[in-house]
Protein chains: 2
Amino acid sequence: MHQPVNRNAMLYIDRPPERHRLVQKLQSITELTAEERQALLDLPMTVRSYTRGEDIVRGGGIPSECCLILDGFACRYKLLPDGRRQIMAFHTPGDLPDLQSLHIQTLDHSVGAMMPTLAAFIPHASMRTLTARFPGLMHAFWRDTLIDAAVFREWLIGIGRRDAHERIAHLICEMLLRFRGVELAPDNTFRMPATQGDIADALGLSNVHVNRVLQDLRRDKLITWGNYTVSVLKWDELQKRALFDATYLHQVSRAAA
Amino acid sequence: MHQPVNRNAMLYIDRPPERHRLVQKLQSITELTAEERQALLDLPMTVRSYTRGEDIVRGGGIPSECCLILDGFACRYKLLPDGRRQIMAFHTPGDLPDLQSLHIQTLDHSVGAMMPTLAAFIPHASMRTLTARFPGLMHAFWRDTLIDAAVFREWLIGIGRRDAHERIAHLICEMLLRFRGVELAPDNTFRMPATQGDIADALGLSNVHVNRVLQDLRRDKLITWGNYTVSVLKWDELQKRALFDATYLHQVSRAAA
DNA sequence: CGCACTTTTGATCGATGTCAAGTATGGTGG
DNA sequence: CCACCATACTTGACATCGATCAAAAGTGCG
């Protein structure tokens, strides 16, 4: 996350197959017409690949493109001057982590890859043309940024008023539902390519404490967590322990447990 | 904050004088044309007044109006089942705390008054007409929600990775700049109608600890805090202690200290 | 004047951080 | 295919920030 922004490894694919994830993601939070779906698939994009620790977008800059996660796993984070790191969001395929750059000049945080990740870049101009032509998509994007904010608020509650066990359980609940939204959580199992240190930086804890809490959750057979793969074994009890209420995700359809 | 939503005390004013605060607020984050300013002033709104502790908007509902703070002071908060409260934002005159309800059905948190507060309600339909007619205003509103999200992220960092002294100093820095944006902080002094318990719920601390930290800041002559009025005496040093960087507020013009 | 709320103070406790060492684990090059 | 290295995970001992509890002292308001 502290190395120079990706240099080589740049390949130009006009229509990467993972592109449909954007459609899928938007459909998980709103309704789309066939034309809108097609317009999304037709967006011009430049694709680059990143490895763990690389910055996909560097904070402080003035971006001229929006970034779309096609495959892999990314996070938004910010560093304090003395190196403390706060991860503010995890991003799964289909997410547009810096959509805000369309309307806010300087990016106030960075986006980093947490595993080998494929990211597409869409020129702001194309986004503006698209939203001008399809008001439905403009609303979809606006809605997406609003849900983004809702997730931040929920994290705020978590870090501010939940204890370590509740926080970690809550994060697992959230990730499970979000992965389900893009059909990446068959069998209540999903890839969670974050180290315990990453989780700690996301939840305002120390890596050591994250480790201990995870051991508790595993001992109680609520989850499995290993090899960057999480399985939720007892969804109801996990939700209860997390004080989890999915309203804030504002998903239009949510597969039942 | 736990009493029934305001019942009586409802007065219908077509053009309350405080209405210009909305223009002022939007101008602090974007440029407006004369027509856009006029259109904002012409918005139909119903005005109600609230006292400390009353809910202006109740979470869980499906609002059909947007709420605008005309005068006073409000906060957005959410309660955990066991009564723990997290305040997620403070709102000053000119703010639209539930603008998101335009695009997200159910409101996932509440808005409460922290002092006698005047709030105006603008029907969603009017907002939609307005934004359809003035794309510039649509962008202004979108931008506002994005800045909202940026502030949440900054709070996230604060609660997650700053210690109590940094958090409190940071909050004071933020409030000062935001009040300046609507010209409510002459002489680096502003009204902060929050009890120490409120501050604690906003920053993820206990009221006792907030008290002790405030005493430190006063002892060091960085601020004055009393009678719900805050004066910043040593802006530079306060910023330093808070590790404060105003970028995230995305204000277009920021009066110098 | 009294009540409700807030601020302040002191004493104690506990969740979580820090430090340090040891143990997997996976990738790389020889 | 193995040895090695870097990274991540695990464990234990100990430190500390901030929570909790309780009570006193202000403050404002009817």
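Computed from a prediction, not measured in an experiment: that's the story for all the values here. A note on names: the letters A, B, ... follow the listed sequences, proteins ahead of strands, and every chain is numbered from 1.
Of the candidate nucleotides dA8(D), dT16(C), dT6(C), dA8(D) has the atom nearest to the side chain of Arg52(A). With distances taken from any side-chain atom of Val208(A) to the nucleotides dG12(D), dG17(C), dT16(C), the minimum falls on dG12(D). You'll find that the side chain of Gln196(B) is closest to dT7(C), out of dT10(D), dT7(C), dC21(D). Closest to the side chain of Asn211(A), out of dT20(D), dT8(C), dT10(D), is dT10(D).
Atom pair Tyr228(B):OH and dT6(C):C1' shows a separation of 6 Å (rounding to whole Å applied). With rounding to whole Å, Leu205(A) atom CG is found 14 Å from dC17(D) atom C1'. Put simply, NE2 on His209(A) is 18 Å from P on dT16(D), counting in whole angstrom units. Between Met192(A) atom CE and dA8(D) atom C1' the separation is 15 Å, expressed in whole Å. A straight line from CG of Asp216(B) to C1' of dT8(C) spans 13 Å, rounded to a whole angstrom. Here dA19(D) presents its P atom at 12 Å from CG of Asp163(B), a figure rounded to the nearest Å. One can place CE of Met114(A) at 10 Å from P of dA8(D), the figure rounded to the nearest angstrom. One can place CZ of Arg162(A) at 19 Å from P of dA15(C), the figure rounded to the nearest angstrom.
Nearer to the 5' terminus of DNA chain C, by closest-nucleotide assignment, is the contact made by His165(A) (compared with the other of His165(A) and Asn227(A)). Where Arg212(A) and Arg161(A) meet DNA chain D, the nucleotide closest to each residue was compared, and Arg212(A) sits on the side nearer the 5' end.
In this structure, Ser206(B) reaches the bases: a heavy-atom distance under 4.0 Å links it to at least one base atom across the strands shown. Nucleic acid contact for Gly204(A): sugar-phosphate only, since backbone atoms but no base atoms lie under 4.0 Å from a heavy atom of the residue.
Aromatic ring centres of Phe190(A) and Phe179(A): separated by under 6.0 Å. In this structure, Tyr248(B) has its ring center closer than 6.0 angstrom to the ring center of His170(B).
Distances shown here put every side-chain N or O of Arg84(A) at or beyond 4.0 Å from the OP1 or OP2 atom of dT18(C). Contact check, Gln215(A) against dT11(D): a side-chain N or O comes under 4.0 Å of OP1 or OP2. For dT8(C), neither phosphate oxygen OP1 nor OP2 lies less than 4.0 angstrom from any side-chain nitrogen or oxygen of Arg219(B).
Ion pairing between a basic and an acidic side chain is recognised when a charged N comes within 4.0 Å of a carboxylate O; Lys234(B) and Asp220(B) show no such pairing. Classification of Arg76(A) and Asp148(A) as a salt-bridged pair holds, one side-chain N sitting under 4.0 Å from a carboxylate O.
For the residue pair Thr229(A) / Asn227(A), no side-chain donor-acceptor distance below 3.5 Å is found, with atom types taken as modelled.
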